[in-house]
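This one's a predicted model, so the numbers in the text were calculated from it and none came from an experiment. Atoms considered below: every heavy atom in the structure, side chains included; atoms not considered: hydrogens, waters and symmetry mates.
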Amino acid sequence: MDQFIFYDTETSSLRELNFVQAIQIGSILTNSSLEEIDSFSTLCSPLPWTLVTPKALLINKKKEIFDTEITHYQMIKAAYSKWSSWSSSGKAVFISYNGMRFDEEVMRRQFYWNLFDPYITNTNGNSRLDLYLKMYVVGYFYRDLFPIPEKNNQISLKLEHFAELFKMNTQNAHDALEDCEYLKELFNQIKSRLPNFYNEIITTTSKQELFDHLLANEVNYLSSYIPSNKTLRSMPFTILAGVEAINQTIIFNLNNDPKVYFDLTFQELREVIENRSESPFKTIGINRTIPSISAETLKQDKILPSENDLYLERAKQLRSNPDFTFKVNEIFADKEKPIYQNSYNEEQIYSGGFPNQINKDKMKSFHNAQSLTEKLSIANSFDDERHRDFAVRICAQEYPSEIDTKYLQHCKNLVKLRFSEDGPWPDAKKYLQEGESLLAELTNPDEKKLVKLAINSIKSSRN
C-alpha cells in the first residue's frame, strides 16, 4: 500500500441502513508511515425526505446541520472528489471502524444516490479495512501485550474507550474527524505493539491478498465477539477452495475431525451442511475484512495454541483430499441464491443492476453541467429509472427556486411518503415516541435541546 485513508461518518439514524443519510464525513490521509498528509471534515443539511432521529442527534450533537446551506449533494461531491484525488495512484487502503456493517455501507449508498461510483474504496487498486473486526483478534490473543478497555468489569471495543486508554481527549467523541484521529492512533498502536499482526493486516486488505494468504496458511484462527455478554471466542479453520478468489470461500472448523465426513454420501454431506448450528462448514466473505489471524503470526509472537499441531494435521488431511473439497463446493454452489425484493430506489444498490459505460459517462456529464437546463436534459436521458429519480432529486436540491413545479412536487410527494406512511424507512411516529421518552429520562438541558430539535424537525416535515 502507498497511503491510508481513515474515515468516519455521522448519520441521521442508527438503523434503517438503506435510508440513512450521512450528515458529516471526516477523513484523514496518511502515508504508509502513518504521517498525516491531508484531512477534511464536512457536514450538510438533512435531505427533506430524511428523518433525523432523536437518539442519533443526541449522540453526534450536530445541531448545526439545521442551519447550514451545504446540501447533501455538495457534501458527497466534495468527499468523492477528495477521495478520488487521494486514491488516484491506487494502492490506498480505506480504513474504518465497524465500517463493514455501517460506515462503508452508508458511504456506498450516499455515492449511489448521488450518481457516483459506490465502489471507490475497493476498486482501481484500492482496498478497505475494518479495524473493529481486527480488534476481535487483538482482544482474544493479545490481551497481555495490548490494552483492552474495560467498562463495568466487561471488555469494551468502542473506539472512544481505546482513545481514553491512549490518553486522548475524548470530549469531542462522535465528531467524524475526531473519531478518525482516534482510529489513526489505534492503528499506530497496533503497528508499534504488535508488528507481526500489523504486517499481516496490511498485506491482506484486498480480496486477492486475503485469499492467497488463507490458501498459503493451512491453519488460521477466526475470532468472534458476542455483544450480549461482551466475550470473545476464536475458532481454528482452513479454507476449502480452489485456486482463484471469489467473493466468498468455504472454511472448515478444525475443532472437528474431518475424517468423520470424508465417506459421507452427497446427500448426507448436504444434510450436515444445512444444519447450520452443528455444521463444521461455513462461508466467509473474502471481499471484506474478516477477524482472522494465521497460525504463523501467532507462532512468531510465541502465543500459538498448544492444540495447533492437531489442527495442522487435520488441515493437511483436508488439503490432500481434493475430491472432498470439490463435493463441498458443489453443495454450497447448489444452495438457493438470495432473492432481492427491494421496492424503493434507495434500496437497490445491489439488486438493481450496475450502470453501463454510457450511463457512467452521462453521470460525469451531469456532475460537470453548469446549468439546471443542462442537468435536467441529462437527467431525463438516463434509461434507468433510478438514475433519473436521483438526478431529479439533486436538481431540486441545487435549484429549488428555478426548477419546474412538477419536479418539486415529485420531491414533496417523497417527503409525504417518508414521514406519513409505513415503509422500510424510519417510522416518524416511532421516533417521535423515542424523542418523548428521551426527554423524560434526560436531565442535561443541552441534551434536552438536541432531542427537542430532532422532534421539531420530524413534526415540521409531517405538516
Side-chain angles (χ1 to χ4, degrees), residues 5 7-27 42-53 56 60 62 65 70-84 87 94-123 126 128 130 132 176 247 285 287-289 338 340-355 359-360 363 366-367 382 384-394 396-397 411 414-415 417-418 423-427:
I5 298 172
Y7 75 94
D8 185 58
T9 64
E10 299 301 329
T11 57
S12 61
S13 176
L14 308 177
R15 305 187 196 92
E16 300 96 9
L17 184 60
N18 285 309
F19 300 91
V20 166
Q21 179 195 332
I23 56 173
Q24 187 199 15
I25 303 169
S27 198
T42 180
L43 53 74
C44 71
S45 60
L47 290 161
W49 44 88
T50 291
L51 188 153
V52 179
T53 70
N60 61 54
K62 299 301 173 190
I65 62 173
I70 299 173
T71 66
H72 184 244
Y73 174 70
Q74 290 166 2
M75 181 182 77
I76 298 305
K77 186 176 184 180
Y80 189 84
S81 175
K82 183 68 78 171
W83 280 5
S84 296
S87 62
F94 286 81
I95 303 178
S96 60
Y97 201 75
N98 201 24
M100 293 297 159
R101 187 192 69 82
F102 194 73
D103 299 86
E104 174 80 11
E105 293 299 328
V106 166
M107 287 306 301
R108 282 189 169 184
R109 284 157 177 77
Q110 311 307 292
F111 290 141
Y112 160 65
W113 300 342
N114 287 281
L115 307 180
F116 293 104
D117 174 18
Y119 305 104
I120 185 175
T121 62
N122 67 332
T123 55
N126 302 313
R128 53 191 182 151
D130 184 348
Y132 173 69
N247 285 340
N287 60 336
R288 305 163 65 87
T289 300
Y340 296 99
Q341 297 179 330
N342 300 320
S343 302
Y344 299 95
N345 290 340
E346 290 97 328
E347 300 177 289
Q348 295 177 23
I349 182 172
Y350 299 124
S351 61
F354 302 106
N359 280 319
K360 287 181 180 179
M363 290 175 184
F366 177 85
H367 297 310
F382 284 118
D384 189 315
E385 188 276 332
R386 297 173 302 162
H387 302 146
R388 289 197 304 274
D389 178 31
F390 294 148
V392 166
R393 296 188 197 186
I394 292 169
Q397 290 177 63
C411 293
L414 185 61
V415 175
L417 177 70
R418 297 295 158 79
W425 45 81
D427 185 317

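Within the 4.5 Å cutoff, side-chain heavy atoms of Trp83 are placed close to those of Phe94. Two residues are said to be in side-chain contact when any heavy atoms from C-beta on lie closer than 4.5 Å; Lys82 and Ser27 fail this criterion. For the pair Gln397 and Leu47, the minimum side-chain heavy-atom distance is below 4.5 Å. With contacts defined as side-chain heavy-atom distances shorter than 4.5 Å, the pair Tyr73/Leu115 does not qualify.
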(request) Please step through side chain to side chain contact (heavy atoms under 4.5 Å, CB included) for the pair Ile394 and Phe366, ending with a clear verdict. (result) CA-CA 10 Å; Ile394 292 169; Phe366 177 85; 3.9 Å; yes
(request) Could you walk me through whether Phe19 and Arg418 pass the side chain to side chain contact (heavy atoms under 4.5 Å, CB included) test, one step at a time? (result) CA-CA 10 Å; Phe19 300 91; Arg418 297 295 158 79; 3.7 Å; yes
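Contact record, Glu347 with Ser351: O-OG, 4.2 Å, taken as the closest heavy-atom pair. Between Asn247 and Asn287 the shortest heavy-atom distance is O-OD1, 3.3 Å. The two atoms that bring Ile70 and Leu43 nearest to each other are CG2-O, 3.5 Å, heavy atoms only. Across every non-hydrogen atom of Tyr112 and Pro118, the tightest pair is CB-CG, 4.0 Å. Nearest heavy-atom pair across Cys411 and Ala396 is SG-CB, 3.6 Å. The two residues Leu17 and Arg109 have their closest heavy-atom pair at O-CD, 3.6 Å.
In this structure a side-chain-to-backbone donor-acceptor pair under 3.5 Å is present from Asp130 to Gly99. Listed for the Ser84 side chain is a donor-acceptor partner under 3.5 Å among the backbone atoms of Tyr80. Of the possible donor and acceptor atoms, one in the side chain of Asn60 sits under 3.5 Å from a partner among the backbone N and O of Thr11. A donor-acceptor distance shorter than 3.5 angstrom exists from the side chain of Thr123 to the backbone of Tyr119, with no hydrogens or angles considered.
Within the model, atoms CG of Leu417 and OH of Tyr344 stand 6.0 Å from one another, a figure rounded to the nearest 0.5 Å. Note that CD of Gln21 is 4.5 Å distant from SG of Cys44, once rounded to the nearest 0.5 Å. In this structure, OG1 in Thr50 is found 8.5 Å from CD in Glu346, a value given to the nearest 0.5 Å. Taking CD of Gln110 as the start and CD1 of Ile25 as the end, the distance is 7.0 Å to the nearest 0.5 Å. To the nearest 0.5 Å, atom CD1 of residue Ile23 and atom NZ of residue Lys62 are 8.0 Å apart. In this structure, CG in Asp427 is found 8.5 Å from CG in Leu51, a value given to the nearest 0.5 Å.
Checked against Glu104 for a side chain to side chain donor-acceptor pair (under 3.5 Å), the options Thr289, Thr121, Thr9, Asn122 give a single hit: Thr121.
Annotation: side chain to side chain contact (heavy atoms under 4.5 Å, CB included) contacts of Pro48 (sequence neighbours excluded): Val415. The side chain to side chain contact (heavy atoms under 4.5 Å, CB included) check on Asn345 picks up Gln348, Glu385, Arg386, Asp389, Phe390, with sequence neighbours excluded.
Ring orientation note: the planes of Phe382 and His387 are nearly perpendicular, at an angle over 60° on the 30°/60° scale. Between Phe116 and Phe111, the ring-plane angle classifies as perpendicular under the 30° and 60° cut-offs.
A donor atom on one side chain and an acceptor atom on the other are not found under 3.5 Å apart for Tyr7 and Arg128.
Of the charged side-chain nitrogens involved, none lies within less than 4.0 Å of a carboxylate oxygen, so that Glu105 and Arg101 do not count as a salt-bridged pair.
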